[in-house]
Amino acid sequence: QIKQRMKNDYSFKILRYYKPEITLALISQMNYFIGMRYHSQVFAYMGKVNLFGISYEQKCESFLRKIKTPFISISNMSTNRLITKTGIFN
């Protein structure tokens, strides 16, 4: 639903599984990253990419709080809430 609302959907990428070093390199090239999986969040942080986290587990929430990054819990998530919290259409 988010991709459909974007003006430039070419700038939207869902990553498949790659080797960790390739994933880190790909994420490091991004301007903004919305990530749910723990290691994707770590890679975005390592690559100094603006990150918005989706927390599905305590380890994600703890990491996101530690690095002072905005996030939303998967249990409270909806497309509208994600758009509002990230400001991706502002």
Side-chain angles (χ1 to χ4, degrees):
Q1 288 180 350
I2 292 173
K3 184 176 181 177
Q4 293 170 349
R5 294 186 187 188
M6 295 184 78
K7 292 176 185 154
N8 299 317
D9 68 352
Y10 61 84
S11 64
F12 183 95
K13 180 81 172 155
I14 296 176
L15 296 180
R16 291 176 276 184
Y17 179 79
Y18 297 101
K19 291 181 179 180
E21 58 273 13
I22 293 172
T23 302
L24 175 58
L26 288 170
I27 291 173
S28 295
Q29 298 299 310
M30 297 178 183
N31 295 320
Y32 195 86
F33 187 80
I34 299 173
M36 184 171 127
R37 304 299 293 182
Y38 177 77
H39 287 96
S40 71
Q41 296 169 355
V42 171
F43 288 164
Y45 177 73
M46 289 172 61
K48 297 178 175 55
V49 175
N50 292 319
L51 167 65
F52 183 87
I54 299 171
S55 174
Y56 70 96
E57 210 171 73
Q58 184 59 43
K59 70 180 176 181
C60 293
E61 188 170 329
S62 295
F63 174 70
L64 295 165
R65 285 186 192 281
K66 183 175 182 175
I67 65 170
K68 297 179 173 66
T69 296
F71 69 92
I72 190 169
S73 171
I74 191 77
S75 61
N76 296 326
M77 197 178 95
S78 69
T79 302
N80 287 337
R81 193 170 284 134
L82 183 62
I83 289 168
T84 300
K85 287 219 170 226
T86 60
I88 59 176
F89 296 109
N90 295 340

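If you take CZ on Phe63 and NE2 on His39, they are separated by 10.0 Å, rounding to the nearest 0.5 Å. One finds the CE atom of Met36 at 9.5 Å from the CD atom of Glu57 (value rounded to the nearest 0.5 Å). Atom CE of residue Met77 and atom OG of residue Ser55 lie 11.5 Å apart, to the nearest 0.5 angstrom. Separating the CD1 atom in Ile54 from the CG atom in Leu82 is a distance of 5.0 Å, to the nearest 0.5 Å. Remark: Leu24 CG to Met46 CE distance equals 5.0 Å, nearest 0.5 Å. Within the model, atoms OG of Ser40 and CG of Leu26 stand 12.5 Å from one another, a figure rounded to the nearest 0.5 Å.
Across all their heavy atoms, Gly53 and Gln41 have their closest contact at CA-NE2, 3.9 Å. Across every non-hydrogen atom of Ala44 and Phe33, the tightest pair is CB-CD2, 3.7 Å. Here the shortest heavy-atom pairing between Ser28 and Gly47 reads OG-CA, 3.5 Å. Between Ala25 and Gln29, the shortest heavy-atom distance links the atoms O-CG, 3.3 Å. Taking each heavy atom of Thr69 and Leu51 in turn, the nearest pair found is CG2-O, 3.0 Å.
Inter-residue side-chain proximity for Phe43 and Pro20 is flagged as met; some heavy-atom pair is nearer than 4.5 Å. Counting heavy atoms from C-beta outward, Phe71 and Lys85 have side chains that stay 4.5 Å or more apart.
The 12-atom threshold is exceeded at CZ of Phe52, counting heavy atoms of other residues, nucleotides or ligands nearer than 6.0 Å. Dense packing is recorded around CG of Asn76, with more than 12 heavy atoms of other residues, nucleotides or ligands lying under 6.0 Å away.
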